[in-house]
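When reading the values below, keep in mind they use all heavy atoms of this one structure, side chains included, and skip hydrogens, waters and symmetry mates. Below, chain A is the first sequence line, B the second, and so on; all start at residue 1.
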Amino acid sequence: MSAPGFRMAAPVRLVAVAAFAVAATLIILLLAGAPPLDAVSVILDGGVGSRIRALQSLGVWTPLMLCSAGLLLTFAAGLWNIGIEGQVVMGAIAATCLLRFFGEGAGTFPLVLGLLAGMAGGALWAWLSGALRVYGRVHEIFSGLGLNFVAIGLTLWLILGPWRQPGAASLSGTEPLPDDFWLPMPGGFPLWQTVLAAAAVIAVRIILTKSRWGLVVKASGQNASAAALWGLRPGLRALQAMAACGALAGLAGALQVTGLYHRLLPSISSGYGYTALLAVMMAGFKLGPVIPICFFFAILNVGSIQLPLGLRLDSSLAGVIQGVLALSVFVVAGLELRLRRRKGGA
Amino acid sequence: MFKRMLAMAVLAVAALGFAAACQAADKDLTFGMLLVGPYNDKGYSQAHYDGGLYAEKAVPGAKMIYLDKVNPADRPGFTIPQLVDDLASKGAKLIIANSDDMKDGVREAAKMHPELKFLHISGDDVLAGKAPENLANAFGKMIYGKMMAGFAAAMTTKTGKIGFLGPLVNDETRRLAAAAYLGARYAWVNVLKKDPKDLSFQVTWIGFWFNIPGVTSDPTQVANKFFDGGYDVVISSIDTPEAVTVAAQKKKAGKDVWAVPYDYEGACEGFEDVCLGVPYFNWGPTYEKFIKEVMDGSFKQTWEWNAPDWKSGDNAPDSAVGYAYGPALSGAAKTELHKFMKGLGDGSINLYVGPLNYQDGTPWLAAGEKADDKKIWYMGQLLEGMEGASSK
């Protein structure tokens, strides 16, 4: 992997990214008429300034982390799983669907089933995208995007149609689930979400670094034809990686339903699938940096609510900042590549 | 001994002074408002925002903080209880939530925060017996505003086809669509002396209070479809002003069309050619009252459904709802509308008297039966003669 020629040392790279990001962010905040330091401090304070806010940020971190962990598997297999957004949505639909079969007073057992159903729903949706790639030669970016739209369309149809609230037809969402199916949050702490996300991180780490399967997936991802010659069945590996990622994304969707909204909504995924893609790319497809980056994105998301409250600024600025940060990473990576080529060519 | 008494007296005075100072500080009240749309939407949310500004002025010591665009599409990952936490951490003691969409979240937040008071606009948790002690409901009797909108539309239409641009379907929106229809039918039959069969009243719902691209139907498209399909007046019942905007475009293109926007008193501004007037909410006085009650400790759980202030004439400043005449409304129609308002006000006109049937023909009110508030509030279907989904 170590190409000859120019290669920035990690700290230099970090400084370059940070400098670029800070400069771009400052320009944007100034253009938006926001006092930059105030805006940044308001966001940070809003994201981690109190126990409640830190817990809220942790609550946003968990679905982002689940999705990111899943994406590391598909990226290892050389796949661009853009369809992760739809996999989150399908997880939410599947979980809601299962829980609808149980009424009030059914205890917490269905909750566990609901989470499993969410994983199955996400896995199925991802498998579809993978199957289109492996058997139908449709690139997973296109099938993924298409399936995202289908999943969202299905949500809208369910909410306005068969699952609508009695006497109403509103895209506000379905009726809230019975209390039994609300994931317990002792003291506002997203305990189960955190446990599951942490488990996913550990599992993905073990899979990618310690298991034979991880090695085979990586080999298939880097050179499918060579992998095929070695009898490693790259098609099957791709499908397995997709399904595993979909399961994690689906779990994130199921947690959005059971842990946060307690119902199915049109925007149930909160766009976390796409955000996770951004986070993983920013992290250079490595697990280590993904963890803090996801937390940072979570802080941005939670803290952004303070922009209109504290400074009467539009909270979508936080989204712009997030995008600029990701772009900074790509720009620096691009620069690096250019410099490397020039030096290598000389 | 004397010294001790003096010392005690001084202490007592100091304590009293301190208590008084605390009370003065208590007189200040921050109220936090959750708005479903942008605070400057020239529609529903702006009417609330302006009401908050009014209350800030009317009640010394009252201070508003607000959060707008409170809906899952604009604020992904947030729930109402979380946003209430944020308002509370900024010192809000009274939370005003302005949308039906926030019903479940507000109830949950009210249970989590017994130390705060909550006012949920448009909700009926109190009526339905689901509300905790610290939660009240209030709404304006917009049914009358909508009757006037329907009346103005029927007086103006040349094709006899009125379009109703509806948000989502629930008790409130069915009730308001039906009220607009009743007003339109009254003008058509009792004033214009025309056959009710020649009046067409089509309701099209977009799925939410405003456009969410990719989620709801696009209200601009729905309004265009109405006008292109021969509906020459469109009554808007959504939070945002697409109906007048599209009507103005059609007018420029030479079509004879009109529209009635909704919610915000200034909604006709810029659309003088096509605007027949606007039924609006005036939240200021309601907010003033609740803020004062929270300040002096007399806040109680209530369900308020405030009628227009009929006695002080059209659009009294204290009226919870009103109808601002639009520049495009003809003089004759305006005279008739004014008469209609007077009739509603003095009780000589009551449109909620049977026989009235639901859309599917089942009776809603028997002949001579007058509907009470609860019956009107929980109207289960659109009325016979209206077209469009009832979502039973």
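- A 4.5 Å side-chain heavy-atom check between R107(B) and P176(A) finds every atom pair outside the cut-off.
- Checked by atom type and distance alone, the side chain of Y261(A) pairs as donor or acceptor with a backbone atom of G77(B) at under 3.5 Å.
- The number of heavy-atom neighbours closer than 6.0 Å to CZ of F142(A), taken from other residues, nucleotides and ligands shown, is 12 or below.
- Around atom NZ of K225(B), no more than 12 heavy atoms belonging to other residues, nucleotides or ligands sit under 6.0 Å away.
- The minimum heavy-atom distance between G214(B) and L156(A), with the atom names listed, is O-CD1, 3.5 Å.
- With chain B as partner, the option from L260(A), V302(A), T155(A) having the largest number of non-hydrogen pairs under 4.5 angstrom is L260(A).
- Of the atoms belonging to E172(B), not a single heavy atom falls under 4.5 Å from chain A.
- I305(A) touches chain B through backbone and side chain together, each having a heavy atom under 4.5 Å away.
- Using a 4.5 Å heavy-atom cutoff, the side chains of L171(A) and L168(B) are not in contact.
- Residue contact with chain A, scored on non-hydrogen atoms closer than 4.5 Å, involves the side chain of S89(B) exclusively.
- For Y272(A), the part lying under 4.5 angstrom from a heavy atom of chain B is the side chain only.
- Of the listed residues (G207(B), G105(B), A73(B)), the greatest number of heavy-atom pairs within a distance under 4.5 Å of chain A belongs to G207(B).
- Here the side chains of P72(B) and S267(A) are in contact, with some heavy-atom distance below 4.5 Å.
- Contact annotation for Y39(B): neither backbone nor side-chain heavy atoms come within less than 4.5 Å of a heavy atom of chain A.
- Classification of D86(B) and R53(A) as a salt-bridged pair holds, one side-chain N sitting under 4.0 Å from a carboxylate O.
- Interface remark: M64(B) contributes backbone atoms only to the contact with chain A (heavy atom separation under 4.5 Å).
- Of the listed residues (V215(B), N170(B), T79(B)), the one with the most heavy-atom contacts under 4.5 Å to chain A is V215(B).
- At a 4.5 Å heavy-atom cutoff, the contact between Q306(A) and chain B is made by side-chain atoms alone.
- Counting heavy atoms of neighbouring residues, nucleotides and ligands inside a 6.0 Å radius, atom CH2 of W192(A) does not exceed 12 of them.
- Looking at L83(B), the atoms closer than 4.5 Å to chain A (heavy atoms on both sides) all sit in the side chain, from C-beta outward.
- Within the 4.5 Å cutoff, no side-chain heavy atoms of D104(B) are placed close to those of H262(A).
- Distance CH2/W209(B) to OG/S172(A): 8.0 Å, rounded to 0.5 Å.
- For E387(B), the CD atom sits in a packed shell: over 12 heavy atoms of surrounding residues, nucleotides or ligands are nearer than 6.0 Å.
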